[in-house]
Q: 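Quick one: the structure is below, questions incoming.
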Amino acid sequence: MATTATKPIEDIERVVIRFAGDSGDGMQLTGSQLTATSALMGNDIATFPDYPSEIRAPAGTLPGVSGFQVHIGRSDIRTPGDRPDVLVAMNPAALKVSLPDMEKGTTIIVNTDEFTAQKLKRAKWSSNPLEDDSLNKFRLVKVGLTSLTVGALDELEDLNKAGKERCRNFFALGMIYYLFDRPLEPTVKWLESKFKKKPLLAEANKKVLKAGYFYADTVELFTHVLRIPPATHMEPGEYRQISGNQALAFGLVAASMKAGVPLFYGSYPITPASDILHALANLKEYGVMTFQAEDEIAGSGAALGATYAGCIGVTGTSGPGICLKSEMMGLAVMTELPLIVINVQRGGPSTGLPTKTEQADLLQAMFSRNGESPLIVLAASTPTDCFDMAYEAVRLATKFMTPVVLLSDGYIANGAAPWRIPDESELAPIEIHHRTDEDGFEPYARDEHLARPWVQPGTPGLQHRVGGLEKAELTGDVNMQPENHELMVELRAKKVAGVAEDIPELDVLGDEEGELLVLGWGSTCGSIEMAVGQWNAGNDRKVSAAHLRYLNPFPKNLTDVMSRFKKVLVPELNMGQLALLIRGKFGTDVVELHKVQGRPFTIAELTDAFRANLEGGAS
Amino acid sequence: MTTATATKTWKRQDFASDQDVRWCPGCGDYVVLSAVHRTLAAIGRGPHENVFISGIGCSSRFPYYLGTYGFHSVHGRAPAIASGVKVCRPDLSVWIVTGDGDGLSIGANHLLHVLRRNIDVNVLLFNNRIYGLTKGQYSPASEQGKVTKTSPMGSIEQPINPLSFAIASQATFVARTYDADPKHVAAILQRAAQHKGVSFVEIYQNCKIFNDGTFNAVTNRDVRSDRIVFLEHGKPLTFGALGNKGITLNGVDPVVVEFEPGNPPADLLVHDETASVGLSFLLTRLAHPDFPEAMGVFRAVEKPVYEDELHAQIAKARENSKDTSLHALLRRGAETWTIKPPAAEGEAVRGEVESLGDALEEVGPEKDSYIADLDEDEGVPEGVARVLGTELSELTSDSDTVRVSADTPIGQVLEEMRAGDALATVLVCAEDDKIVGIVTERDLLHRIPDGVDLKTAPITIVMTPNPETLEPSDTVAHALNFAGARGYRRVLVVSEEGVTVLTVGDLLDFIRTSAP
């Protein structure tokens, strides 16, 4: 350790910190606290919770490692960071899993108490890495987190040893708070409210948090205290921290309030979409009706029933659940009812990788129904965009009387970001008109957007029947005539295509024309825009980016934008689904960049692809 | 609307649609359709207040032949769709029309759950023990040995008993009727409609084309009286053309007994619609040829209704909630902070400050908004807004300051503080007298690293560099909020005349002496 022992405060631009431990170590919670505190200090943040799908894999094993990575900065932070600058490893397994991500010179804080022969073996270490030279290239900070924690709680006689040991994550958090000059108050306050009914636990965790903080101070573990000044690029306004799923739930409720029409959410628990159901079940005072259905089919069926009854009917799930919702989506297309289907994508196929991210359900959203069955497909691009796109899903579904699929994924659903809370006046109007006028009523007559009237059952004189059989134009009677079927297929397609007139055009980040356009969709937005920003800051040959949030229909100017670049690179967390759509629809060739590892793109992976494609173009 | 329908009387034809009915001639569905028309008219709610929801199959065409609202959905899913409709519109009368294939095969799971939840809908299950629309395959209700297109050597499956299923699913109203007796159908439908909670009605229905006469052995006019026992609440289970047969229990097994007409034995089973589930279940197991089959209401009990409970929770949540505005929603579950416009570059102030309780809870992006909010807030005593709105220029400081240059050793600063006011604020100044940092007694206690030589180490090691400052035109409320958010115990007010240090104590003193 440093012998001069001066600890000046050094301002830094950004830092990436990862907590890694057993699933039972409270790493998600520890990371969330650091995130919340940093957000309150005015930093920009992006987080990546990476947890195993097993609830509690055997302690100390590699599959049981749960990680939470947070990127904190004063400048634009769009991703949780490629590699950690600081790793807190609670046990040998956590160290083993994270070590490949660590670069030379980065800091690793390890809990030495856990590096016993037995635990090293369980984590498949052949020798103790703390005792050989293998970690020499890192700044290794060895701390007996468990024993120090128990020691700090000596006086708390009412808490047993296991209970004391469980507090050790807060010791680590306290050390990080010291190292990065974070105030303890927000976490202290949180502990007090979280353990209101268990004051002993509140007391213990507070003590340990402070002990960690003072320990880091007194034992001279660090040469510098690092400070990340508040972010300066952020638009003025009132901010909060929000996760994608939470934002999505708020977006739905905000739309319901703005429209003055109640929200019904029919869903079946599934990772990583359950948090939307949890959030909405807690918003009953906003008139939200939640229905935990017997299965995915019933969740969407009840939601469709709700739209038929005149409410905003929404169902939410993840990939495997979407398979089961196909028939109800088809029925919504046929009955022309504004069912909203949320797919928080995860790794597939089948049960796949429940807790890992992927964006491989785009083609499923587009085509997974029998017959010609077009509907609107939207994709949220960031945690906070989940609010905007959920709101937009309600606006478009009800305006065009058509089902909407909204794609999110595990990465943005669980990731958190600072969110400038919009003012009510910033939200687009949602005007829902339930028809009550008997004069000239026909259930399948259409307005200027080709939308049919939305009638609530209970309205006198407007009784009519809907269903899955083909309908006659205007009357809505069952009709199997060849010409009528073709007409109806075309009308339904034309209606969805017409949505392009009602959505924003595609913006280009960077030069409006040039050598290389990076075209993305959904949750890759942060990685792509940050990579493009970094690339352009250090290279003369510039790269532009455009990001699709509307996948069906595409923004009107998409082909125009693509035509202004020599090459279009399409990075996707799948095997080239958007690329296939673009080739099929426009005949435009694009360069594909795939990743299917259950993780988002790193900045380096993207900038490497920029380099390769610019060089390729020049040769 | 309610008043209008209450006074208007409805006729059977008000519930018919203009569509041609397309069931096969002689189909039992015609009888049920006619009974439904009659029942709806008798119940007295308008066609617009009824919604019929069906799945797929012959019976599921039902909604097209009614003048009510209707939804002909997909196979087996009617209970799911009806659940959504009823939860959203508890005021409507919601009916589910299904068959033995639709309801007990592909849709059995949904049927189970709509029954279990006790959603106040009426389920009509047309049982013809065959797949009709797909032209004659065995159904889950077909008897063992049944020869059909898909079971040329006879079905090897055990059939489901729909009523046993319903009772086991905890349905609160369970009944059976048969298409050969239109009056009985109408009477049972009316009971079902009146029941508060889920109603399940099995209708024995003849399929003229693919399973003609499947119930004849029980329901034919000439054998009916000996093979059907009609259930009547509070009355003994008796049957037979001569009224000379009844059912008793031997342990837990039913037994048919014969007796002299008019002189039934005292131990005949007396029907009780509210009896234990076990007894209701037992009645569903009575089957030809060993027993007469039961018709009527097997079970009718009152239990809390799903949609009522849900809406009661919503009402309770509303009652318990102080603020259900969009503003409150978007701030729910998190603390907020404010990024100010570029003029006040880089400053972030946390929104919620508890130091002054509710009075300061609402903090907008504009400094003035504290005061505006206070004026609007009910319950804030008059004058509080005035006091908190006072500009800092009007306050006096009670604390000393010490100015030192950036290269002053820590030891020297300690000396100066020891000599003067120990709680003095140390302002570290550059050569142009600009303040580059601030040091408080807390910094001197906590920030001096071990082993440092106090005689040489400069004060800058422990200072907070470039402290954020306030303007004289800022308000007391803003200063308190600012200090609270940052955990500062003093704020620097920079004016043309110089720097004033206001401690939180100064601010509170001012409030104490000026408070109304």
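These figures come from a predicted structure and were not determined experimentally. Below, chains carry the letters A, B, ... as their sequence lines are ordered, and counting in each starts from 1.
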Q: Could you check whether B/Glu335 pairs with A/Lys189 (Lys NZ or Arg NE/NH1/NH2 to Asp/Glu carboxylate O, under 4.0 Å)?
A: yes

Q: Nearest 0.5 Å, what's the CE-CG distance between A/Met257 and B/Leu330?
A: 8.0 Å

Q: Assess whether a salt bridge exists between A/Glu285 and B/Arg332, defined as any Lys/Arg side-chain N lying under 4.0 Å from an Asp/Glu carboxylate O.
A: yes

Q: Could you check whether any side-chain heavy atom of A/Phe291 comes within less than 4.5 Å of a side-chain heavy atom of B/Arg117, counting everything from C-beta outward?
A: yes

Q: Given 3.5 Å as the limit, does a donor-acceptor pair link the side chain of B/Arg331 with the main chain of A/Arg240, or not?
A: no

Q: If only atom types and distance count, is the side chain of B/Arg77 paired as donor or acceptor with the main-chain N or O of A/Ala298 below 3.5 Å?
A: no

Q: Does a side-chain heavy-atom distance below 4.5 Å link B/His72 with A/Leu469?
A: yes

Q: Would you say the side-chain atoms of A/Glu424 and B/His327 include a donor-acceptor pair closer than 3.5 Å?
A: no

Q: Counting only N and O atoms by type, is there a donor-acceptor contact under 3.5 Å from the side chain of A/Tyr286 to the main-chain atoms of B/Leu329?
A: yes

Q: In terms of ring plane angle, is the pair B/Trp337 and A/Tyr239 parallel, tilted or perpendicular, where the classes change at 30° and 60°?
A: parallel

Q: Using modelled atom types and a 3.5 Å cut-off, is there a donor and acceptor pairing between side-chain atoms of B/Tyr69 and backbone atoms of A/Thr459?
A: yes

Q: Checking the side chain of B/Arg89 only, and the main-chain atoms of A/Pro457 only, is there a donor and an acceptor separated by less than 3.5 Å?
A: yes

